[in-house]
Amino acid sequence: MSTYSLEELRHSASHVMAEAVQRLFPEAKFAIGPAIESGFYYDFDLPRPLTPEDLEEISRLMQESIKARHPFIREEVLRQEALQMFADQPYKLELIRDLPPEETISIYRHGDFMDLCRGPHVSNTGDLRWDSFALLNTAGAYWRGDEKRPMLQRVYGTIFPSKQELKDYLDRLEEIQRRDHRRLGRELDLFSLHEEAGPGLVYWHPKGARVRTIIEDFWRMRHYEGGYDILYTPHIGRSWLWETSGHLDFYSEGMYAPMQIDEEQYYIKPMNCPFHIMIYNTDVRSYRELPLRWAELGTVYRYERSGVLHGLLRVRGFTQDDAHIICTPEQIEDEILGVLRFSLRLWHDLGFDNVVAYLATRPEKAVGEPERWEQALVSLRKALEIENVPYEVDEGGGAFYGPKIDLKIKDALGREWQMTTIQFDFNEPERFGMVYTGPDGQEHRPYMVHRALLGSLERFFGVLIEHYAGAFPAWFAPVQALVIPIADRHIEFADQVFARLKAAGLRVEMDSSSDRMNAKIRKGQLAKIPYMLVIGDREAESDSVSVRLRTNENLGAMPVEAFIARAVEIITARENYRL
RNA sequence: GCCCACGUAGCUCAGUAGGUAGAGCACAUUCUUGGUAAGAAUGAGGUCAUGGGUUCGAAUCCCAUCGUGGGCUCCA
């Protein structure tokens, strides 16, 4: 079999799918049908919504087309001809009209189907394998992604060179479902959301909250070590604050309606920065006290459109691990490098070592002097290069108020999640009149950098759950050890063991129910508790526990003290993979 | 917000000619005291998302609302 790129395979499959749809709905209007990272799709304008049965029928027709081995035939046509050929296809006409005048217009035919297409394609439909594609789902999609334009029906599918590769892909989709944080959040009793109490608002259950407090404590410790101070600020602020910051002008659609207190309008905060600036401005500042690094686990509320809410990953109330670094121009390179290192180390400790960066530069419309932008950009770029972080440049992708680096981390399944952002702000220091006195005795405008490393604790927790599939490293597992007495007569010794583990600082639970040992182990396994400690006659006699790991590994009996020593060592080292 | 689908016990789900709801798991009680992933019996538990409508009668049909899920410029 000849070798085609996935792109060719997928794009060809999308044509074959369109052909099938045309046979099913002769009146269908066709929009676009590109190959994408995970497969392909095609957008159609159809007389009625597609059903799952339609997908089956489309699949069947596609198989027919593949078996018929229709050759793909390329033709180049003049613009006028193209306009005539697609006279009854309004979307195609729009595409043709938007093509630059010098562009060669090509069409591809196979069987009875013809499509405007740049190509390339496989040589005939038989180059696709009938058993290696799958239509996955349908969805609504706006023509050209514009919500003011018609909603089309999109069919997603995928195809691979071989059946096995398709199977691997579908297995991976299943694995993603198994790891879904919403599912694990329920199964492991970590968190919940309540429609009746407000969508997009997270309730942390005892076990989820336990993980959170451990990570927060760790975060605070690291921040103090890293030269940060930690702040607490209010949740609401008078409209003056948001007018001054500019949020009411630029961000009001993300903010909740004001509440009136006395005669004044107050807004719940969508960001922490104005509050930190208020603290900065409580005093005259000298260059001698800079840099200031002020961090806060600040809970903010932002309006997100109902259609985009998704478990912990997209919510309306969340806690940012926010910080603002206020420094002099001379300090920014060191500070940026420091933040980047700090962030990479934090990610490493949490078990994420795969990081890529996106550097966003000055957009057309921007505030702040160009020299400042330049200096900021240089510091960002330099830091990435010193730390050897692979990065892509998003030219003009910065916010109007400053350039930034976003870090995306890859999880255990290789998915990228945008978490960290390190962002200059040339807007708010200006608006709030932030100044410091330099060595020259003059007032200067400091640089201010916003940064959130984990991003939001809610979203981070969602990613964390999926990354570890709920099997958290022992150092932040909500329950580290489960004591399992075999029979009631072992409970007394088990109680002792429980108390000793607890005294050693371990988070331990005991299952003294009347379940059989096997059932207790099963429960421990399902709860993904790192250590299960079985206690029967032999252990009670020898002051030992029989250690079973959640990896199904059975370490056998060891003295209680030996287990404690082992566990404490692994936990205090914050090892992410060894149990 | 928009399109489509969905919303039945804590969870996963069954319940199509519309005739006053069912399973498994979980939970409770009792029996069982068992060596590395489910011992057994009994029991409790639902105004079938909410509000309207059609009907003698609605979980089942229609409408609205709320919520959930898959998506919504990887450009011929």
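Keep in mind that this is a model prediction, so the values were computed, not measured. Convention: sequence-line order gives letters A, B, ...; per-chain numbering from 1.
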*Asks:* Quote, to the nearest angstrom, the P distance that separates B:G70 from B:G51.
*Replies:* 28 Å

*Asks:* Tell me, please, which residues at least two apart from A:Arg578 pass side chain to side chain donor-acceptor pair (under 3.5 Å).
*Replies:*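 For A:Arg578, the residues satisfying side chain to side chain donor-acceptor pair (under 3.5 Å) (neighbours in sequence not counted) are A:Glu569, A:Glu575.
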
*Asks:* Students often get this wrong, so: under 4.0 angstrom with heavy atoms, is A:Pro34 touching a base, only sugar-phosphate, or nothing?
*Replies:* nothing

*Asks:* Please table the atom pairs, donor to acceptor, closer than 3.5 Å between any side-chain atom in residues 455-464 of chain A and protein atoms at least two apart or in another chain.
*Replies:*
{"unit_1": "A:Ser456", "atom_1": "OG", "unit_2": "A:Glu458", "atom_2": "N", "d": "3.4"}
{"unit_1": "A:Ser456", "atom_1": "OG", "unit_2": "A:Arg459", "atom_2": "N", "d": "3.0"}
{"unit_1": "A:Glu458", "atom_1": "OE1", "unit_2": "A:Thr319", "atom_2": "N", "d": "2.8"}
{"unit_1": "A:Arg459", "atom_1": "NE", "unit_2": "A:Gln418", "atom_2": "O", "d": "3.4"}
{"unit_1": "A:Arg459", "atom_1": "NH2", "unit_2": "A:Gln418", "atom_2": "O", "d": "2.8"}

*Asks:* Between atom CD in A:Glu392 and atom P in B:C74, what is the gap in whole Å?
*Replies:* 16 Å

*Asks:* When you get a sec, tell me which of B:G10, B:G35, B:C74 is the closest nucleotide to the side chain of A:Arg186?
*Replies:* B:G10

*Asks:* Check every strand shown and say whether A:Leu99 touches a base, only sugar-phosphate, or nothing at a heavy-atom separation below 4.0 Å.
*Replies:* base

*Asks:* Not counting sequence neighbours, list each pair that qualifies as a salt bridge (charged side-chain N to carboxylate O under 4.0 Å, His left out) and has a residue in residues 6-18 of chain A.
*Replies:* none

*Asks:* Do the charged groups of A:Glu553 and A:Arg548 touch, with an N to O distance under 4.0 Å?
*Replies:* no

*Asks:* May I ask which nucleotide in the shown strands pairs with B:A9, Watson-Crick or G-U wobble, both distances under 3.5 Å?
*Replies:* none

*Asks:* Looking only at atom P, what distance separates B:A5 and B:C63, rounded to whole Å?
*Replies:* 11 Å

*Asks:* Contacts to RNA chain B from residues 80-92 of chain A, heavy-atom cutoff under 4.0 Å, which residues?
*Replies:* A:Lys92

*Asks:* Which nucleotide, B:U33, B:G71, B:C4, lies nearest any side-chain atom of A:Asp488?
*Replies:*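 Taking heavy atoms from C-beta onward, the closest nucleotide is B:U33.
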
*Asks:* Which is true for A:Ile32 with a 4.0 Å heavy-atom rule: it touches a base, it touches only sugar-phosphate, or it touches nothing?
*Replies:* sugar-phosphate

*Asks:* Please work out which of the three classes, parallel, tilted or perpendicular, describes the rings of A:Phe400 and A:Phe250, given edges at 30° and 60°.
*Replies:*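 The rings of A:Phe250 and A:Phe400 sit tilted, inter-plane angle from 30° to 60°.
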
*Asks:* Mind checking A:Glu304 for me? I need base, sugar-phosphate or nothing, with any heavy atom below 4.0 Å counting as a touch.
*Replies:*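 Answer is nothing: A:Glu304 stays at 4.0 Å or more from every strand.
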
*Asks:* Take atom C1' in B:U20 and the same atom in B:C56, then report the distance between them in whole Å.
*Replies:*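 13 Å, rounded to whole Å.
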
*Asks:* Which pairs, with at least one residue in residues 484-494 of chain A and sequence neighbours excluded, count as a salt bridge (charged side-chain N to carboxylate O under 4.0 Å, His left out)?
*Replies:* A:Arg489-A:Asp537

*Asks:* If I take atom CZ in residue A:Arg316 and atom C1' in nucleotide B:G67, what distance separates them, rounded to the nearest angstrom?
*Replies:*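 To the nearest whole Å, that distance equals 11 Å.
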
*Asks:* Counting only Watson-Crick or G-U wobble pairs whose two distances fall under 3.5 Å, which nucleotide matches B:A37?
*Replies:*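 Paired with no nucleotide.
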
*Asks:* Please state the P separation for the pair B:G46 and B:G10 - nearest whole angstrom.
*Replies:* 8 Å

*Asks:* Mind checking salt bridge (Lys or Arg N to Asp or Glu O under 4.0 Å) for A:Glu103 and listing every partner two or more places apart, or none if nothing turns up?
*Replies:*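 Expected list: none.
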
*Asks:* Please list all pairs meeting salt bridge (charged side-chain N to carboxylate O under 4.0 Å, His left out) that have one or both residues in residues 37-50 of chain A, counting only residues at least two apart or in different chains.
*Replies:* A:Asp43-A:Arg154, A:Arg48-A:Asp54

*Asks:* Tell me which nucleotide, if any, is Watson-Crick or G-U wobble paired with B:U55 when both distances must be under 3.5 Å.
*Replies:*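 Result: none.
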
*Asks:* So what does A:Asp537 touch, heavy atoms closer than 4.0 Å: a base, only the sugar-phosphate, or nothing?
*Replies:* base

*Asks:* Does this structure show an ion pair linking A:Arg178 with A:Glu175, if we count only N-O contacts that are shorter than 4.0 Å?
*Replies:*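 Salt bridge between A:Arg178 and A:Glu175, a charged N being under 4.0 Å from a carboxylate O: yes.
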
*Asks:* Applying a 4.0 Å non-hydrogen cut-off, can you work out what A:Thr104 is touching in the nucleic acid: base, sugar-phosphate, or nothing?
*Replies:*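 Touches a base.
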
*Asks:* Heavy atoms under 4.0 Å, any strand shown: does A:Leu136 hit a base, just sugar-phosphate, or nothing?
*Replies:*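 No contact.
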
*Asks:* Could you state the atom-to-atom distance from CG of A:Asp45 to P of B:C4 in whole Å?
*Replies:* 12 Å

*Asks:* Whole-Å distance between B:C3 C1' and A:Arg48 CZ?
*Replies:* 15 Å

*Asks:* Does A:His310 place a side-chain N or O at less than 4.0 Å from the phosphate oxygens OP1/OP2 of B:G70?
*Replies:*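 A:His310 to B:G70 OP1/OP2: side-chain N or O found under 4.0 Å.
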
*Asks:* Select one nucleotide: of B:G70, B:C72, B:G34, the one nearest the side-chain heavy atoms of A:Asn137.
*Replies:* B:G70

*Asks:* Can you give one letter per nucleotide of nucleotides 38-49 of chain B, 5' to 3': B if a protein heavy atom sits under 4.0 Å from the base, S if only from the sugar-phosphate, - if neither?
*Replies:* BB----------

*Asks:* Would A:Phe30 and A:Phe113 count as a ring pair (Phe, Tyr, Trp, His ring centres under 6.0 Å) if you check the C-alpha gap in whole Å, the side-chain angles of each, and the deciding distance to 0.1 Å?
*Replies:* CA-CA 11 Å; A:Phe30 297 86; A:Phe113 183 75; 5.5 Å; yes

*Asks:* Identify, with sequence neighbours excluded, every residue that meets ring-ring contact (aromatic ring centres under 6.0 Å, His included) alongside A:Tyr142.
*Replies:* none

*Asks:* May I ask you to list the residues of residues 139-158 of chain A, by number, that have any heavy atom positioned under 4.0 Å from an atom of RNA chain B?
*Replies:* A:Ala139, A:Gly140, A:Ala141, A:Tyr142, A:Arg144, A:Gly145, A:Met151, A:Arg154, A:Tyr156

*Asks:* For nucleotides B:A59 and B:G7, find the distance between their C1' atoms and express it as a whole number of Å.
*Replies:*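 It works out to 11 Å between them.
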
*Asks:* Checking A:Gln84 now: which residues fulfil side chain to side chain contact (heavy atoms under 4.5 Å, CB included) with it, not counting sequence neighbours?
*Replies:* A:Gln80

*Asks:* Measure from CD1 on A:Ile176 to P on B:G70 and round the result to the nearest Å.
*Replies:* 12 Å

*Asks:* Name the nucleic acid region contacted by A:Arg182, choosing base, sugar-phosphate or nothing; use a 4.0 angstrom heavy-atom cut-off, strictly under.
*Replies:*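 Touches sugar-phosphate only.
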
*Asks:* Can you name the residues that form a ring-ring contact (aromatic ring centres under 6.0 Å, His included) with A:Tyr303, not counting sequence neighbours?
*Replies:* none

*Asks:* With nearest nucleotides of RNA chain B determined for A:Arg550 and A:Glu103 from heavy-atom distances, which residue corresponds to the more 5′ nucleotide?
*Replies:* A:Arg550

*Asks:* Please report the distance separating the C1' of B:C13 from the corresponding atom of B:A21, rounded so that it comes out in whole Å.
*Replies:* 14 Å

*Asks:* If we count only N and O atoms by modelled type, under 3.5 Å, do the side chains of A:Asn124 and A:His70 hold a donor and an acceptor together?
*Replies:* no

